[in-house]
Amino acid sequence: MTESTATRIDGAAFAARLRAEVTRKTALLHEREGIAPGLAVVLVGEDPASEVYVRNKGKMTIEAGMNSWQHRLPDTATQAQLLQVVANLNADPAVDGILVQLPLPDQIDADAVIHAIDPDKDVDGFHVVNAGRLATGLPAMVPCTPLGCLMLLKDHLGDLSGMKAVVIGRSNIVGKPMAQLLLKESCTVTIAHSRTRDLAAECRQADIIIAAVGRPRMVKADWVKPGAVVIDVGINRVRMADGKLKLVGDVDYDAVAAVAGAITPVPGGVGPMTIACLLNNTLEAACRRRGLAVPA
Ligand code: GUN
């Protein structure tokens, strides 16, 4: 067994501090303006993983002092029914954030639903208007997972300017917004994907590696420059030799930890940051919609 030399970036602890900050600012907003931010989560069907996420989001929203609503539709729901729920939430002044839990059943066009959400209530940051705002440097709702990755990076490294970053994965939810955020921090950014030639060589150039591909333990120790910071977005359930299921990331953690300068574990790294950033986005949406600054 190789020895770990990397700093373990504790996303769970950082997320707990961020949620405490959001809770404090939410209380100030209520005290000064009489406003309680509110998040509505829409769940279609009964996907067990989605049920867990939605329950946790509801619990943490209430713990932050915000209003929380859940709207449930059966997995047979039509697109028109879901669009009607979104339209009602758009029109409801008490609702600051709308999150439609993905994945959606096959009969529903997820893009059409995402694009029906008022961009100013789009706390997931998935609407094309928010993607465009982020890409052009305007104030935007930023997708929660890449925002959480950036916060962990800045907390560990401080100024990122001039650093070489490789983002593995080009999804609209993680890879592309992650690249935009790193570019905004003046990194030199490479977006790698399934067609990238010699991915290992690309990664070896990087000061920062963000792995967001959904392939268990794909990033190997000899892909990582000594001292590089490795952020693992992957959440993969794999069956171990003893038949038990284990949660692993996209990074071969034990081996990479012997080479990297710092690394996020799975679980306890990026995962807890996502909900904390969702609450932060909901607070921001509540303030921005009313032309108020977020309390300091
Ligand atoms: N499903 C898994 N993660 C997410 C997320 O961050 N947002 C939404 N809307 N659905 C998800």
Side-chain angles (χ1 to χ4, degrees), residues 22 25-47 50-51 53-105 107-134 136 138-144 147 172-173 177 274-275 277-295:
V22 171
K25 291 175 182 178
T26 298
L28 280 178
L29 185 68
H30 193 253
E31 202 178 293
R32 291 177 189 163
E33 310 284 347
I35 296 162
L39 173 65
V41 175
V42 184
L43 177 59
V44 183
E46 286 160 17
D47 177 67
S50 292
E51 298 258 5
Y53 287 137
V54 167
R55 203 164 40 239
N56 282 339
K57 283 168 187 165
K59 182 168 156 271
M60 292 196 183
T61 306
I62 288 166
E63 280 174 12
M66 298 181 182
N67 290 317
S68 164
W69 302 276
Q70 286 180 18
H71 296 265
R72 288 173 160 266
L73 295 174
D75 63 4
T76 53
T78 64
Q79 179 152 328
Q81 285 171 324
L82 181 52
L83 288 173
Q84 187 57 57
V85 170
V86 170
N88 293 346
L89 296 172
N90 282 342
D92 185 341
V95 173
D96 296 296
I98 302 170
L99 182 147
V100 178
Q101 186 70 26
L102 302 177
L104 290 168
Q107 74 274 16
I108 294 175
D109 174 356
D111 280 338
V113 174
I114 289 165
H115 293 145
I117 297 171
D118 177 344
D120 293 334
K121 296 189 178 188
D122 169 36
V123 283
D124 261 327
F126 294 167
H127 195 290
V128 69
V129 164
N130 281 314
R133 285 177 182 162
L134 176 62
T136 55
L138 294 172
M141 283 287 133
V142 178
C144 301
L147 182 58
N172 290 338
I173 291 173
T274 301
I275 292 185
C277 287
L278 175 67
L279 300 175
N280 199 47
N281 279 356
T282 303
L283 173 63
E284 280 205 0
C287 294
R288 218 176 271 169
R289 287 177 58 234
R290 295 172 176 86
L292 299 168
V294 176

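Every heavy atom of this structure was used, including side-chain atoms; hydrogens, water molecules and symmetry mates were not. Numbers here simply count residues along the sequence, with the first being 1. Only a predicted model underlies this, so the values are computations on that prediction, with no experimental measurement involved.
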With side chains defined as the heavy atoms from C-beta onward, is the minimum distance between [X] and [Y] less than 4.5 Å?
X	Y	value
M141	R288	yes
P143	C277	no
M66	L283	yes
N130	L134	no
V129	D122	no
Q101	D47	no

Distance check, rounded to the nearest 0.5 Å: [X] atom [atom1] versus [Y] atom [atom2]?
X	Y	atom1	atom2	value
N280	T26	CG	OG1	9.0 Å
T282	M60	OG1	CE	13.5 Å
I108	L73	CD1	CG	7.5 Å
D111	N172	CG	CG	7.5 Å
L89	L99	CG	CG	11.0 Å
N281	D124	CG	CG	8.5 Å

Minimum heavy-atom distance [X]-[Y], with the two atoms named:
X	Y	answer
L83	A116	CD2-CB, 3.6 Å
G58	S68	CA-OG, 3.6 Å
R55	Q70	CA-NE2, 4.4 Å
A77	Q107	O-NE2, 2.8 Å
L279	V22	O-CG1, 3.9 Å
V123	C144	O-SG, 3.6 Å

Electrostatic pair [X]-[Y], nearest N-O below 4.0 angstrom:
X	Y	value
E284	K25	no
D92	K121	no
D120	R133	yes
D96	R289	yes

Taking distance alone, no hydrogens or angles, what donor-acceptor pairs closer than 3.5 Å link side-chain atoms of residues 36-45 to residues at least two apart or in another chain?
none

Worksheet entry | side chain to side chain contact (heavy atoms under 4.5 Å, CB included) between T274 and Y53, intermediate numbers included | CA-CA 11 Å; T274 301; Y53 287 137; over 6 Å; no
Practice prompt. For H30 and I35, indicate whether the former's side chain and the latter's backbone hold a donor-acceptor pair under 3.5 Å.
Written response: no
